[in-house]
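Okay, structure first, notes after.
Lettering of chains follows the sequences in order, A, B, ..., and the numbering in each one begins at 1.
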Amino acid sequence: MAVRLSGVVFDPWQELSQQAANLPKGKHGACASFVGTMRDFNLGDTVQSMTLEHYPEMTQHFLDNTVAAACTRWDLIDCLIVHRYGDIRPGDAIVLIAAWSPHRAEAFDACHFLIEELKARAPFWKKETTDHSTRWVHDSTAD
Amino acid sequence: MAVRLSGVVFDPWQELSQQAANLPKGKHGACASFVGTMRDFNLGDTVQSMTLEHYPEMTQHFLDNTVAAACTRWDLIDCLIVHRYGDIRPGDAIVLIAAWSPHRAEAFDACHFLIEELKARAPFWKKETTDHSTRWVHDSTAD
Amino acid sequence: MQFNVKFFASLAERTGLTDITLDAHQLTTVADVWDRATDHQSRPANTLCSINLVHARFEDHVHDGDEIAFFPPVTGG
Amino acid sequence: MQFNVKFFASLAERTGLTDITLDAHQLTTVADVWDRATDHQSRPANTLCSINLVHARFEDHVHDGDEIAFFPPVTGG
């Protein structure tokens with residue numbers, strides 16, 4: 001189980017590859033993953049860049065607890081969460097979630113649970129710079 | 001959109017990485033993916049190896065149509081399906097499904113739809129070699 | 001009428017057939033093709049079929065030149 | 001009683017506060033901490049709070065040494 005906050009660009013596919021390489025072979029039948037990536041548009045405006053502020057100690061604490069909750073609820077072999085903070089450019093990965101399980105439905109459900117909990121409750125705040133302003137994002141739960 | 005059948009080992013993370021590298025930056029906010037991997041156990045037995053038979057022309061036709069159906073139903077930027085056939089060893093990736101969308105829910109739903117349709121209807125058949133026999137797998141829909 | 005008839009997986013083992021060309025007349029449905037191709041072997045209850053690469057039902061009509069396939073429940077992914 | 005009080009994102013900009021140590025007595029709830037720390041600035045309706053890194057409610061009781069944080073609705077992921 002790993003939860004990592006990154007202040008620099010990360011490659012989600014390489015993170016997945018590395019995490020999977022450390023798992024025992026033949027035990028997991030399924031890996032469900034989600035990658036959230038910065039778009040260059042929001043609410044009709046072109047977005048140039050974004051700053052992701054967070055509350056580091058609480059973020060880590062919250063995500064660790066959320067992973068632990070997922071592990072009690074589903075039969076999971078491993079979970080991985082990586083989340084960016086700081087200055088972000090369009091195309092950059094913002095978040096990676098992955099869940100490995102013997103079974104498909106459990107991997108899917110756990111991955112979905114983790115990203116929904118993160119979006120709804122993890123203490124991150126996006127401030128985006130558009131062509132004509134800098135603004136705090138008010139709601140990104142559906143993105 | 002890509003559907004590929006592979007007779008040799010493939011690296012799902014590298015496939016994802018390559019497919020993502022060809023997408024325009026900043027248009028997709030979400031990628032949901034699923035990787036199915038061969039386990040070394042099933043129904044209480046240790047499985048040594050597996051042969052995946054398929055109906056090549058129908059498999060390709062079915063998966064192409066399923067991707068097309070997903071694209072009419074959800075707002076998708078890209079989809080990728082890779083599926084192994086032939087002789088497979090524990091730990092090998094069997095199937096990779098990925099869906100890229102501007103929005104999280106659409107990526108998740110499309111990925112889920114694609115793997116469920118594939119499991120329920122794509123013409124593949126698993127024959128596994130255990131410690132004491134070779135047998136056709138009768139039902140793997142929940143795995 | 002001519003049909004290309006295929007059998008997969010456990011059904012190929014059971015019938016002893018894999019890929020045959022069937023020349024036959026008075027065949028109306030997929031079920032008729034099974035009966036003629038297998039010389040009336042019994043058909044397992046869960047057998048599936050396709051016509052020209054598309055899932056079909058045993059009562060569906062067949063036409064000259066069709067590719068008809070028979071297979072057990074699928075177990076991919 | 002001493003509290004470590006933090007403000008994040010738009011709330012930090014609005015209050016002009018980020019991270020302060022508050023020495024104060026007769027504070028019972030998180031709401032009391034807000035009032036004292038901000039000198040009774042109005043609190044936006046959707047403001048969230050935490051006690052010692054865990055989501056909390058404004059009526060929750062605070063204790064000496066607690067870290068209390070105030071922040072707007074989250075927008076990560």
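- Listed by sequence position, B/H83 are the residues of residues 68-87 of chain B in contact with chain C, using a 4.5 angstrom heavy-atom cutoff.
- Taking the six-membered ring where the residue is Trp, B/Y55 and C/F71 present perpendicular rings, their angle passing 60° and hence far from 30°.
- With a 4.5 Å cut-off on non-hydrogen atoms, B/F62 touches chain C through its side chain but not through its backbone.
- Enclosure of atom NZ in B/K25 is not indicated, since only 12 or fewer non-hydrogen atoms of other residues, nucleotides or ligands lie within 6.0 angstrom.
- Within a 6.0 Å radius of CD in C/Q26, no more than 12 heavy atoms belonging to other residues, nucleotides or ligands are found.
- Residues that satisfy the side-chain hydrogen bond (donor to acceptor under 3.5 Å, both in side chains) test with B/D109, not counting sequence neighbours, are absent from this structure.
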For the pair B/H54 and C/F8, evaluate side-chain contact (heavy atoms from CB on, under 4.5 Å) and give the outcome as yes or no after the intermediate values. CA-CA 8 Å; B/H54 71 142; C/F8 289 95; over 6 Å; no
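- For C/T75 (side chain) and B/H138 (main-chain N/O), no donor-acceptor pair under 3.5 Å exists by modelled atom type.
- Interface residue C/S10: backbone and side-chain heavy atoms are both found under 4.5 Å from chain B.
- The main-chain N or O of C/V54 is never found under 3.5 Å from a side-chain atom of B/H61 such that the two would form a donor-acceptor pair.
- Using a 4.5 Å cut-off between heavy atoms, B/E57 touches chain C through backbone and side chain atoms alike.
- Shortest non-hydrogen contact noted between C/G76 and B/F124 is CA-CB, 3.4 Å.
- The environment of B/R4 atom CZ is dense: over 12 non-hydrogen atoms of other residues, nucleotides or ligands sit within 6.0 angstrom.
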Derivation of the side-chain contact (heavy atoms from CB on, under 4.5 Å) call for B/M58 and C/K6: CA-CA 12 Å; B/M58 184 173 169; C/K6 292 168 180 279; over 6 Å; no
